[in-house]
Asker: 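Let me give you the structure first, and then I'll get to my questions.
Chain identifiers are assigned alphabetically (A, B, ...) following the order of the sequence lines, protein sequences preceding nucleic acid strands; residue numbering begins at 1 within each chain. Computation of the quantities below employed the complete heavy-atom set of this structure, encompassing side-chain atoms and omitting hydrogens, waters and symmetry-equivalent molecules.
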Number of protein chains: 2
Amino acid sequence: MSGRNIQRKPPTIKDVAALAGVSMSTVSRVLNGTAVVSGDAAERVRRAVTQLDFVLSASARTVRPGVRSMTWGLLVDAVESHYFSTLIAELDRAAQDHGSTLMVSVTQKEWVRERHLIKEMSSRRVDGLFVVPANGDVLGERSRMSSVPIVYVDRIPSGVVADVVTFDYYRAMADLIEGLWARGHRRIAFIGGEVDTDPGSRRYAAWNDILARHGTTADPELVSVGHLVADTATEAMVAMLRSDQPPTAVVTTTGLLLLGVLHGVVLESADVEVVCSEEIDAAFLSPVPLTMVAADLSLLVSDAVELLTARIDGTSGTTPVTRLLPTGQIEVRPNPTMGVSLQ
Amino acid sequence: MSGRNIQRKPPTIKDVAALAGVSMSTVSRVLNGTAVVSGDAAERVRRAVTQLDFVLSASARTVRPGVRSMTWGLLVDAVESHYFSTLIAELDRAAQDHGSTLMVSVTQKEWVRERHLIKEMSSRRVDGLFVVPANGDVLGERSRMSSVPIVYVDRIPSGVVADVVTFDYYRAMADLIEGLWARGHRRIAFIGGEVDTDPGSRRYAAWNDILARHGTTADPELVSVGHLVADTATEAMVAMLRSDQPPTAVVTTTGLLLLGVLHGVVLESADVEVVCSEEIDAAFLSPVPLTMVAADLSLLVSDAVELLTARIDGTSGTTPVTRLLPTGQIEVRPNPTMGVSLQ
DNA sequence: ATGAAAGCGCTAACAA
DNA sequence: TTGTTAGCGCTTTCAT
């Protein structure tokens, strides 16, 4: 209860050794379990450690190369989404199970920041890194940064051949659109984000491919891409709904854009079916039929962890692996007693 | 494009010195800007650094106590909420502005993990720590962990007097309930989470106080607390709505529980007004009138950063500060042409 | 089983 | 302006 937070300089292994009446080596051995120590000495060391509230300096421990810090890093491009929240939570749990600590940093979707943070994390001697790659590595610099094992997650990075774990977003999107087609929809809109970078590019390719497979092509009026925020997606949706030939179904890509699209649907009290390549937790509030791709993050995480630990332990071959994980679907149909669907 | 990720051991300052034909000190001086170096030598060093893709080892740099690592730590209890996503994003930006790097770890709401991570971060020589305190420090151990400057965020920690920045959740909740009362509601339900720990305790106190102020007390049938997940909140909501005397309004605390409550409302096609002490981004989908507390995280962050930097620089007094930040309100009224509100 | 000592990568005090 | 050197906290031979 006494709240003095004096900045005393932390005790060192030397202090512990002195208090326990042993040498520094013995303290080190006890704390690391590196060698057998007499029960008596061990006990005295442990007591001193508790008394001084001592912690081995991770900095000093990891000065020499080759030692394990039992720390993993995670670089995410942004954090404001259900998807990444879950990713962080799952990875954190996996790291804990492995006896490692996870440290997260945010790249803000900027390649220069990703590069900086990879170096930063690496200079802090993390054992390995999970990276959700940002775009913009035009010079292919990524391939030169080989100081620390990296497994790329969720997106396929450009400019480097490395271990990647991601979901099969192409197939997921293809399935969604085939579903709409099977249910009779012919005027289908596409409201998406970036389409020239992964995974938007895969989704967009699926969109075009499936339409082509059915011998048709997208009405330009019904395609609106490049959205980065929900608001512009809302505007696009509203504009389409007000046109002469409004769509009967809408394809969206991210949870963020799905919210934007649903907002447009609400504003116009429209009756369209919506599908989305990502999941949101407020889906049950949708006033219209909604199908979402269900991506099991725990699958992604266990695969990524497996790949990274193999790299760290050096037990994996030299050839990088790319894994495309399968996805599921979640269908949400609005409560028939409410919403526009009852007219 | 050549994707060989060989695990070569990272170059040291010695390698750079050799390649540049100068001493290690000169390299250090160039890289840290600690002293004037001849343009020629500096240029050769920079070239060598680029060529070797060299980064100073943060580990080695921070071995000696007292040096700044230009790294801040953030310990959050959980990450699956809009609130913490935003907190991380804002703090990350603030750290970047300050020239520091933010590292996040997750305590999973467990005090032992919080304690472990504080030590871990501290042993990695972060300059300071933002901590969303977990509950469970019954022994008051927090007050003994004075190795690194800490600013507590969002919750008031137990067992220690330290710098805290949080929102005035008592007043926020009081305002919500006064609003309901003013709009004529008399059967008001309360569906919340933990009520014996902060900030739930503050919200629950406001609930009881405001009812008392109006000379009444809560109907036990309309109070359901201790919810940790959305599902049980949904069940509680449904049960209340099906009772003989259903509430006309519901008070909720967190965004998670708000979603649970709204789910119950949707399932029962009920017509109740809802208020919540946290914000969700899918609010526009609410089929019923909804008022949420708007907490400006950037305010929280700038205050927390100010306090932490003051502690780090030693420019703050010894007396810890507690700041209660004001909140706003967001009102969402459902689109009149849809949803249950049109009957 | 234990201690003394060298060395990890780096910075800073001291010489030159 | 530059190099040499001691030392940060810790681990790890190498003796004992």
Asker: Would you say the base of C/dG3 and the side-chain of A/R29 have a donor-acceptor pair closer than 3.5 Å?
Answerer: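 Pair found.
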Asker: Does B/E194 come within less than 4.0 Å of B/K109, counting only side-chain N to carboxylate O?
Answerer: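 Salt bridge between B/E194 and B/K109, a charged N being under 4.0 Å from a carboxylate O: no.
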Asker: Does A/S23 place a side-chain N or O at less than 4.0 Å from the phosphate oxygens OP1/OP2 of C/dG3?
Answerer: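 Indeed, a polar side-chain atom of A/S23 lies that close.
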Asker: Which residues, if any, of residues 35-43 of chain B bring a heavy atom under 4.0 Å of DNA chain D?
Answerer: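 Contacting residues: B/V36, B/V37, B/S38, B/A41.
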Asker: Compare all side-chain heavy atoms of B/R61 with those of A/S123 and state whether any distance is below 4.5 angstrom.
Answerer: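 Not touching, per the 4.5 Å side-chain cut-off.
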Asker: Can you tell me whether the side chain of A/S25 and the base of C/dA4 have a donor-acceptor pair closer than 3.5 Å?
Answerer: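 Side chain to base: pair found, below 3.5 Å.
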Asker: With nearest nucleotides of DNA chain D determined for A/R64 and B/T26 from heavy-atom distances, which residue corresponds to the more 5′ nucleotide?
Answerer: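 Nearest nucleotide further toward 5': that of B/T26.
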Asker: Base, sugar-phosphate alone, or nothing: which one does A/V22 contact when heavy atoms must sit under 4.0 Å apart?
Answerer: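 Since only primed, P, OP1 and OP2 atoms lie under 4.0 Å of A/V22, the category is sugar-phosphate.
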Asker: Does B/S28 put a side-chain nitrogen or oxygen below 4.0 Å from OP1 or OP2 of C/dT11?
Answerer: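 Answer yes for this pair, as a side-chain N or O of B/S28 is under 4.0 Å from OP1 or OP2.
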Asker: Could you check how far NZ of A/K14 sits from P of D/dT11, rounded to whole Å?
Answerer: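 It is 15 Å, rounded to the nearest whole Å.
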Asker: Tell me the interatomic distance from B/R124, atom CZ, to D/dC8, atom P, rounded to whole angstroms.
Answerer: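 Going from B/R124 (CZ) to D/dC8 (P), I get 22 Å.
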Asker: Classify the nucleic acid contact of B/T12 as base, sugar-phosphate or nothing, counting any heavy atom under 4.0 Å across all strands shown.
Answerer: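 The answer is sugar-phosphate, as B/T12 gets under 4.0 Å only of primed atoms, P, OP1 or OP2.
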Asker: Which ring-ring contact (aromatic ring centres under 6.0 Å, His included) pairs, counting each pair once, include a residue from residues 126-148 of chain B, with sequence neighbours left out?
Answerer: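 Residue pairs passing ring-ring contact (aromatic ring centres under 6.0 Å, His included), neighbours aside: B/W72-B/F130.
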Asker: Find the distance A/N32:CG to D/dC10:P and express it as a whole number of Å.
Answerer: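 Distance check: A/N32 CG to D/dC10 P gives 10 Å.
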Asker: Check A/T166, A/V106, A/L87 against A/V132 for a side chain to side chain contact (heavy atoms under 4.5 Å, CB included) and give me the one that passes.
Answerer: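 Per the side chain to side chain contact (heavy atoms under 4.5 Å, CB included) rule, the option paired with A/V132 is A/L87, out of A/T166, A/V106, A/L87.
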Asker: Between C/dG3 atom P and A/I13 atom CD1, what is the distance in whole Å?
Answerer: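 Rounded to whole Å, this separation is 12 Å.
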Asker: What is the distance, to the nearest angstrom, from the CE atom on B/M24 to the P atom on C/dG7?
Answerer: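 Taking CE of B/M24 and P of C/dG7, I get 14 Å after rounding.
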Asker: So, OP1 or OP2 of D/dG9: does either fall under 4.0 Å of a side-chain N or O from A/R61?
Answerer: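 No, outside the criterion.
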Asker: Would you mind checking if A/D313 and A/R68 are paired as a salt bridge, meaning a charged N to carboxylate O distance below 4.0 Å?
Answerer: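 Here A/R68 pairs with A/D313 in a salt bridge, since their nearest N and O are under 4.0 Å apart.
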Asker: Can you check whether A/T197's main-chain N or O pairs, donor with acceptor, with A/N135's side chain at less than 3.5 Å?
Answerer: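 Between the backbone of A/T197 and the side chain of A/N135 there is no qualifying donor-acceptor contact (under 3.5 Å).
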Asker: In whole angstroms, how far is the C1' atom of D/dT11 from the CZ atom of A/R68?
Answerer: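 Value for this atom pair: 16 Å.
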Asker: Does the side chain of B/W111 reach to within under 4.5 Å of the side chain of B/V138, using non-hydrogen atoms?
Answerer: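 A side-chain contact is absent here, since even the closest heavy-atom pair is not under 4.5 Å.
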Asker: Just how far, in rounded Å, is C1' of D/dT11 from CG of A/L31?
Answerer: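 Atom CG in A/L31 sits about 12 Å away from atom C1' in D/dT11.
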Asker: Given atom CZ of A/R125 and atom P of D/dC10, what is their separation to the nearest angstrom?
Answerer: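 Roughly 17 Å, once rounded to whole Å.
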